[in-house]
Amino acid sequence: MEEKYNPRVIEKTWQKEWQESGVDETARDASKQKFYCLEMFPYPSGKIHMGHIRNYVIGDVITRYKRMRGFNVLHPMGWDAFGLPAENAAILNGTPAAAWTLDNIAYMKRQIAKIGCSYDWSRELATCTPQYYKWNQWFFIKMFERGLAYKKNSSVNWCAQCQTVLANEQVIEDKCWRCDSIVAKKELDQWFFKITAYAEELLAGCDTLIGWPEHVVAMQKNWIGKSMGAELDFPVENSDIKIRIFTTRPDTLFGATFVCLSPAHPLAAKLTEDKDSLKRIRAEYDKQDAATAQTTLGMFTGTYAINPMNGERVAVYVAAFVLMEYGTGAIMSVPAHDSRDFEFATAHNLPIRQVIVAEGGSGQPLKEAYEGEGIVVNSGDFTGLPNKEAIIKINEYIEKKGIGIATVKYKLRDWGISRQRYWGTPIPIIYCEHCGALPVPEAELPVILPENIELKGKGGSPLALVDSFVNVKCPNCHRPATRDTDTMDTFVDSSWYFIRYCSKASEEALDKSNIAHFLPVDQYIGGVEHAVLHLLYSRFFTRVLRDLGIVAVDEPFTRLLTQGMVCKETFKCPEHGWLFPEEAKGGKCGKCNHPVERGRVEKMSKSKKNVVTPDELTERYGADTARVFSLFAAPPEKDIDWSDQGVEGSYRFLNRLWALCHANIAKIKPHEGHAGGPLIRKTHQTINKVTQSIERDYHFNTAIAALMELLNETSSFKPANGQDYAALAFAIRSMLLLLSPFAPHICEELWRAIGNGKSIFLEGWPSWDEEAAKEEEIELVIQIDGKVRAKERVSASLTDKEKTDIALNNAKVKELIAGKRLKQVIIVRGKLASIALEK
RNA sequence: GCGAAAGUGGCGGAAUUGGCAGACGCGCUGGACUUAGGAUCCAGUGCCUCGCGGCAUAGGGGUUCGACUCCCCUCUUUCGCACCA
């Protein structure tokens, strides 16, 4: 054994050894309970960053721990390989997208290998390969056959920068999730997946996601956005046209003083006399810029409708704030009880009539809308009812009268999947003049994405320019036909990759028995940024595949861990902006000598110049140090504050462990029985602490802290005889086993060095002995009225009565309670005596 | 604006069910070994006080023998949703 810890050498050795021995591969093992541990697969952008490392290390610790606990663990890795950056690189440098992607994968795979994660690479997949995307096409066709994939012309989110359509989930604050440019509306023919068919089930399923962070479940529910309400027809005066509105507040129907249509509503154009004004409003509406949205923008159409509840004549307006996509695209406006309607009514001088009065409320005119609960007034037969009751009664009434129906609406819309881009899965549809839109016959799948084509980057689908791709024979009538030239949203790829992993790359993709064996994913780990998008789509896909008889579960991910971001301090010069740490040395800007502002701790990013790269880190300290630090700095769900000095601390810890083993190498090999003693006790306590820390929410930081404590105690232990050396050997063996999921290379190396022939990862997780962990003596803390007044070392085996007597006989306590009346003495967990005095 | 989470030393963070606040690490201070050390080892380190002791978990109140933990109010930060009728 070397005297000095040299991570570069040992890490390489063991990575090679593990790979060759196949310890990381997962074979189905019926004798063990399965555990599927999955980290979100990366987009092969070119380089792994610290966020990836953190994600994978968390998953790897769980994997190695679960294996040692006897589980048959599936831990795969692959590549989310379709997407725009590859296409952009192709446009910019002429590098074919496929080559660019594969190069990146090769490079990133080497980077991942260096951190020593235990992946089963025999299941590796890349979504850009025909073997993989063939199934996207197959699912598409199955969904098409069931009416779950359909085409419609609709107003879609269009990103001019990316020259493509975006799904609703991909529009963040009216901006493109990828490039941040403002998204506009555009009418296009698009393919949709009917996720709304599963809205209710996806919502109900949320309540079963008990292993998910609550806020993520809340976001899912929020996104699905169920609301109960009613639809009613407001007949247009002197015409047989009816305006159908949706409301969640039927109890306020008598307060409806006007009706608003969305500018995109077909009736808006029909009923409006002043077409020019309508056009202007429509243009504003299409900008869909909530930040600058004019909440009062709108106009009178010139027509009136009749409120079916009371026969009252109400004005019909067009209002820019009314969305065509939600509800019926038309609303009844109740300014007294809706703040937007109130604002609109005030601006347009429309009447405001109060129909709900708060408990003890005055009859005074409202200064703002009252949206709370109360008693219904001015509402015919319903006057006097509590408004909640009125909702039920009014719903019954409108259904009986046939003027409306109680109904449910969701914010969730169908998932638009067409993308006018090249680097994605071709949509397997053929258009024939005579036969219409037909799916590609299953036997002809996959529809191969042509490679090595020239990309210009100018709008429209690149595939439309490839004649050999476009022109085909109609599968039905065999006359000339054309292919759909759009590709699928890449979120389709990631909606089922965890199902593909259940089988090895060499096995059949949808082997049902493999899928039944490994699904669901027991532990999923990734960033919160996918809280809605990817997770919702995957939940949808899982249900679709369930209904196709492929999977047997409803929910794909039993537990979800959303890990925090990797952050680091930043430096800023008022002149030169963000600075690298070395430019900010001494508190002065290296360029202009200006005093440097200490910026906030921010997520690592190139632009903020606060990045630490995995390569430099493993080069300098080794993977084990990087792993230990990123696990020790904070619990996994919290952001970590990267600190170079903190990394040094983790490195020192591993060095001290090495030194301890080196110093005792000769003595710890022989195994003798050991007696009790403080070190044995501490070791048992540590096994307990580490196990509990992992089991309880994966709090690896406290697990590592416990191991540091054990190392401190072991290092200062001075063995004097054979029994002491046996105790030392026990402590070190246990320490290595407990630390091995966190720092696998050094533990494997030391494990072998102290005389073990087999890999440490073939060992079982150590167990602790409750008796051996028990303290013989405790420090009895004595409190008077909640304040610590004395301490006494006593035997742990004393009874509560004996402890009470000791507490009351303590000299200091006697002095303090002299002349006072004792109320009670409570012994807490056998280690604290609380004396309460009469007040 | 609405909703959620959080606020503990100089810093990152500990503290099952209410029970010694500050584990562990970083930093800092002193010492040892050294030609030297930014290496290593040892000791100390919440604040105030010479000390006894007092004060401390964003701030204020409450429940309790006892509150970082439970309840109420206020402040701050972060995140999510932002015209969803």
Side-chain angles (χ1 to χ4, degrees), chain A residues 172-174 213-216 218-219 222-223 225-227 229 245-249 252 260 262 285 288 290-291 293-297 319-323 325-334 337-341 343-344 409-413 528 531-532 567 569 600-601 628-629 632-635 637-650 652-653 655-656 659 689 692-693 696 699 701-712 715-716 779-791 822-829 831-839:
Chain A
I172 316 287
E173 292 185 2
D174 300 312
E214 279 174 45
H215 70 278
V216 175
M219 283 163 76
N222 203 349
W223 189 264
K226 180 180 184 174
S227 27
I245 61 101
F246 173 69
T247 180
T248 54
R249 295 290 305 271
T252 64
C260 287
S262 166
Y285 171 82
Q288 202 209 22
Q294 297 171 21
T295 50
T296 59
L297 181 67
F321 75 86
V322 180
L323 303 176
E325 293 79 21
Y326 185 74
T328 57
I331 60 165
M332 66 166 189
S333 291
V334 185
H337 304 293
D338 182 290
S339 56
R340 290 155 311 173
D341 294 346
E343 219 182 311
F344 193 88
K409 295 278 181 218
Y410 301 90
K411 284 204 277 182
L412 182 70
R413 322 256 162 82
V528 235
V532 180
C567 301
E569 63 180 349
R600 328 193 325 160
V601 174
V628 168
F629 177 73
F632 179 65
E637 70 279 4
K638 282 189 68 169
D639 289 352
I640 60 175
D641 192 352
W642 196 267
S643 139
D644 296 331
Q645 283 152 336
V647 176
E648 294 275 356
S650 298
R652 267 201 288 275
F653 166 59
N655 270 292
R656 295 208 297 126
K689 182 82 202 293
Q692 299 303 326
S693 292
R696 185 163 47 92
H699 278 196
N701 55 332
T702 52
I704 293 172
L707 285 162
M708 287 173 168
E709 271 188 69
L710 180 60
L711 176 63
N712 290 343
S715 299
S716 54
E779 192 171 46
L780 182 69
V781 175
I782 307 167
Q783 291 186 342
I784 299 173
D785 284 340
K787 285 199 190 315
V788 179
R789 294 303 183 192
K791 292 176 182 180
L822 200 63
K823 196 162 132 197
Q824 59 175 335
V825 180
I826 307 156
I827 301 293
V828 182
R829 292 194 208 166
K831 61 182 184 180
L832 184 142
S834 183
I835 300 169
L837 301 174
E838 294 279 1
K839 290 258 160 79

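Values in this document were obtained by computation on a predicted structure and should not be read as measured data. We name chains A, B, ... by the order of the sequence lines, and we start the count at 1 in each one.
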Measuring only the [atom1] atom in each nucleotide, how far is [N] from [M]? A whole number of Å is fine.
| N | M | atom1 | result |
| --- | --- | --- | --- |
| B:G18 | B:U64 | P | 16 Å |
| B:G59 | B:G10 | P | 13 Å |
| B:A14 | B:U8 | P | 12 Å |
| B:C48 | B:C41 | C1' | 33 Å |
| B:C20 | B:U57 | P | 15 Å |
| B:G7 | B:A58 | P | 7 Å |
| B:U76 | B:C52 | C1' | 38 Å |
| B:A6 | B:G13 | P | 14 Å |

Between CG on residue A:Asp341 and CE on residue A:Met332, distance to nearest 0.5 Å: 8.5 Å
Nearest-0.5 Å distance that lies between atom CD1 in A:Ile827 and atom CG in A:Leu832: 8.0 Å
Evaluation steps, side-chain contact (heavy atoms from CB on, under 4.5 Å), between A:Val788 and A:Gln783: CA-CA 4 Å; A:Val788 179; A:Gln783 291 186 342; 4.1 Å; yes
Describe the nucleic acid contact of [X] in one word from base, sugar-phosphate, nothing, applying a heavy-atom distance below 4.0 Å.
| X | value |
| --- | --- |
| A:Val322 | base |
| A:Glu709 | sugar-phosphate |
| A:Gly225 | nothing |
| A:Ser834 | base |
| A:Asn655 | nothing |

Within 6.0 Å of CD in A:Glu214, more than 12 heavy atoms from elsewhere: no
Donor/acceptor link under 3.5 angstrom from A:Lys831 side chain onto base of B:C20: no
Distance-only donor-acceptor test (3.5 Å): side chain A:Gln783, base B:G19: yes
To the nearest Å, give me how far apart [atom1] ([X]) and [atom2] ([N]) are.
| X | N | atom1 | atom2 | result |
| --- | --- | --- | --- | --- |
| A:Asp785 | B:C65 | CG | P | 9 Å |
| A:Asp338 | B:A85 | CG | C1' | 6 Å |
| A:Ile704 | B:A23 | CD1 | C1' | 14 Å |
| A:Leu832 | B:U17 | CG | P | 17 Å |
| A:Glu648 | B:C28 | CD | C1' | 17 Å |
| A:Trp223 | B:A82 | CH2 | C1' | 11 Å |
| A:Met219 | B:A5 | CE | C1' | 12 Å |
| A:His215 | B:U78 | NE2 | C1' | 12 Å |

A:Ser227 vs B:A85: side-chain N/O to OP1/OP2 distance below 4.0 Å: yes
Side-chain N or O of A:Arg656 closer than 4.0 Å to phosphate OP1/OP2 of B:A39: no
Where A:Val628 and A:Ile704 come nearest, the two heavy atoms and their spacing: O-CD1, 3.9 Å
Evaluation steps, side-chain contact (heavy atoms from CB on, under 4.5 Å), between A:Leu837 and A:Leu822: CA-CA 5 Å; A:Leu837 301 174; A:Leu822 200 63; 3.9 Å; yes
Any side-chain heavy atom of [X] sitting closer than 4.5 Å to one from [Y]?
| X | Y | answer |
| --- | --- | --- |
| A:Val322 | A:Tyr285 | no |
| A:Ile331 | A:Phe321 | yes |
| A:Glu637 | A:Pro213 | no |
| A:Thr296 | A:Glu343 | yes |

Exam field: side chain A:Thr248 to backbone A:Gly229, donor-acceptor pair closer than 3.5 Å: no
B:G61 glycosidic torsion: syn (within 90° of 0) vs anti: anti
When both hydrogen-bonding distances must be under 3.5 Å and the geometry is Watson-Crick or G-U wobble, what is [N] paired with, if anything?
| N | value |
| --- | --- |
| B:A36 | none |
| B:G18 | none |
| B:U63 | none |
| B:A43 | B:U29 |
| B:U57 | none |
| B:G9 | none |
| B:C50 | none |
| B:A4 | B:U78 |

Residue met sooner reading RNA chain B from 5', once A:Lys409 and A:Asn222 are mapped to nucleotides: A:Asn222
Whichever of A:Glu779 and A:Ala705 has its nearest RNA chain B nucleotide further upstream toward 5': A:Glu779
Side chain to side chain donor-acceptor pair (under 3.5 Å) partners for A:Arg249, two or more places apart: A:Asp251
Proximal nucleotide (of B:A85, B:U16, B:U40) relative to the A:Arg652 side chain: B:U40
Stepwise side-chain contact (heavy atoms from CB on, under 4.5 Å) check, A:Asp338 with A:Phe344: CA-CA 10 Å; A:Asp338 182 290; A:Phe344 193 88; over 6 Å; no
Using a cut-off of under 3.5 Å, enumerate the N/O to N/O pairs linking the protein to nucleotides 54-60 of chain B.
unit_1, atom_1, unit_2, atom_2, d
B:G54, OP1, A:Arg789, NH1, 3.4

Restricting to nitrogen or oxygen on both sides, can you table the protein-nucleotides 10-13 of chain B pairs closer than 3.5 Å?
unit_1, atom_1, unit_2, atom_2, d
B:G12, O2', A:Ala633, O, 2.9
B:G13, O3', A:Asn701, ND2, 3.3

